[in-house]
Amino acid sequence: MKNSVHSITSLSLGLFFFMALLTGTACIKEEPVENTDPVIPDPKEIIETSLLGYISDATGNPASDLNISIVTARPHILHATTNADGYFFIPDFLNAGRLVVVLVESPDSFNSYHLADAQKEEVTNLEIMMVEKGFLGNFHSSDEGNFNLPGEVTLAVPAEAFGSYEGEVNVRAHWYDPGNENFYKQKIGGRTAINEMGVEIAVQSLGMLALEITDEAGNPIELAKDIQISFPLPAQFDEMHLEEVSAWYLYEEAATWLHESKVNIENQNLKFKIGSSTFWNFGRAQTETYTLSGRVHYENEMQPAEGKVMVNLSEDPSVRFIAVINSNGHFSISDIPPGSPLDIKVLNSCGGEALHINRQPLTANTDLGNLLISEMDKLTITTDAKDCEGQTPNNGFIQMVFDGNHTLIRPLENGIQNWIFPLCLNWESGEFTVLDNSGIPVKGPVEVDLDNTEFTAVYFYNCFDTPVSMDIDFQMYSKSTGEQIDSVYYELNNPDDRLVFEVEVDQEDQITWLRMDCESECIGFEFELHPGFPNDWVSKILNFYCLGFEYELNSEFVQITFSELDYTGGPLDLEVNIIDLTDTDSGEKYDVLLGITLRAN
């Protein structure tokens, strides 16, 4: 299995500069800019980080086979694809600072541009929900087009708005409502913005709009006249806030907002004229903001807890910040404005409130430290990874699926053998699977009995395309004459050939269970041995494709011998003696000797 994450170096220099802006610390002069090209400060520290994301469709179901792209610091673009459960994993990449641009493409939805706040040397968890390209309707270019979206949002397209184009006009749009509980997953871009002075700030959104206008063939149509959008003024806004509301359009390559102009107010409605089909954000600038961070774990141990952290401003409950707790229990919420006390809730993986904190307004970046929450019912998965030691770190993750639709993921980490998953009261069944970086199963799924909250998973040697090879010395003799009929030496390689070797050992490195499965151009075999070997050959499939005849194998005359019973991850010698192999056509009998040595390269 090949890693689906790869690098592409054909990234524009302008994008690299813009990424530098997003992560810069240098001072920017307070002078208006005449165009949208930002002033370029020095880049921040280059960090190593990883992303683990879950993508759902508009109905909340896992979105599989979606293309994921992220912009890194080199500059490079890394790619991944969501698996059948909607997950993607991008391990160990270098980024300039903590802001990472994540693009999710879908043929049925508006693209999602997410600005992730990645953690240094940790795996950051993301949740992104796609939104459908809602078809509002169509009209002829010579007519007016008036459309209504949820939330009393209206779009008014004037007649002859498309210059020389004459024909059918199709309008698709989506209104992102900050009051929606899924806004933090659906919203596009981050809160990062460049104001009219060219200064990097944050924006509190009052609503976002995705707009697509096309002809009959689906080609974009340029606007010659502006479209007017109107939506109600949020109730929490008073007169002193009105002049602060502006419209921002998305600089898509960097998932940040660029200032367009102020928004007018008429009869308690915000109104703005849109000059292009793109993503728009309507909100007020916040030049002074702070970051709230911390680490959530269970009281009785330092095992990180699943869940989310939700922050509301006490003076303005409609403003909500939500962060998904990452793999080490850390969370970070940026761009929180000062001036309002904070209502902080920690939600566990079952959605229940695990901790409630009321805090005074932020006056600086604040680390809450360790936040201890009550222990939940839990499932402990134990993996014996000694045979993969030095090969498994950052090469995949383990997955538990409860009741067929509740999925929890743990990235593999070197030295960790016990994995703790929370159990919600109504969960009845579970499946354990080991996945590679691409989300492809390499072990399992295995049913887990949730009544027994401790489960030992069988680990195996050729973990995640580990460079493993197998030497096979094949010799065949005539039973009647003792003459050697054939003698061939084969070398099988993983993953070029189908080669699987699984072994289970006890604390003394004694082999207690073994399975081999390999296939090359000439030989294919599969067998499984339990503690009673060499006499107990539990299952067998043995094929000699190069013999050119059908045969019958009598398992009573098969002997399997190990040169040693200890196994510590090094070469393993195995001898298979087939005393009586019968040609089903001629009745001729043969003896076969297989000498097998498996080794890690």
> Run the side chain to side chain donor-acceptor pair (under 3.5 Å) test against Glu212 and tell me which residues pass, sequence neighbours left out.
Lys133
> Would you confirm whether Asp403, through its side chain, and Glu428, through its main-chain N or O, come within 3.5 Å as a donor-acceptor pair?
yes
> Under the salt bridge (Lys or Arg N to Asp or Glu O under 4.0 Å) rule, collect the residues that match up with Asp85, sequence neighbours excluded.
none
> First locate atom NZ of Lys185, then atom OG of Ser112, and finally report the distance between them rounded to the nearest 0.5 Å.
12.0 Å
> Go through the structure and list residues passing side chain to side chain donor-acceptor pair (under 3.5 Å) with Arg191, not counting sequence neighbours.
Gln286
> In terms of relative ring orientation, are Tyr176 and His174 parallel, tilted or perpendicular, with 30° and 60° separating the classes?
perpendicular
> What residues form a side-chain contact (heavy atoms from CB on, under 4.5 Å) with Ser56, not counting sequence neighbours?
Tyr54, Met129
> Side chain to side chain donor-acceptor pair (under 3.5 Å) with His330: which residues, sequence neighbours excluded?
Glu122
> List in chain and number order the residues that pass side-chain contact (heavy atoms from CB on, under 4.5 Å) with Tyr113, two or more places apart in sequence or in another chain; answer none if no residue qualifies.
Leu103, Asn111, Leu250, Glu252, Ala255, Phe279
> For the residue pair Asn326 / Thr124, report whether a side-chain donor-acceptor contact shorter than 3.5 Å exists.
no
> Any donor and acceptor pair, going by atom type alone, linking the side chain of Asn312 with main-chain N or O of Ser314 inside 3.5 Å?
no
> Got a donor-acceptor contact below 3.5 angstrom from the Thr82 side chain to the Leu66 backbone?
yes
> Spell out, as yes or no, whether a donor-acceptor pair under 3.5 Å connects the side chain of Asn95 to the backbone of Leu99.
yes
> Say you draw a straight line from CH2 of Trp427 to CE of Met400; how long is it, rounded to the nearest 0.5 Å?
8.5 Å
> Taking Trp175 for the side chain and Glu152 for the main chain, is one N or O donor matched with an acceptor at less than 3.5 Å?
no
> Return yes if a side-chain donor-acceptor contact under 3.5 Å exists between Ser334 and Arg98, otherwise no.
no
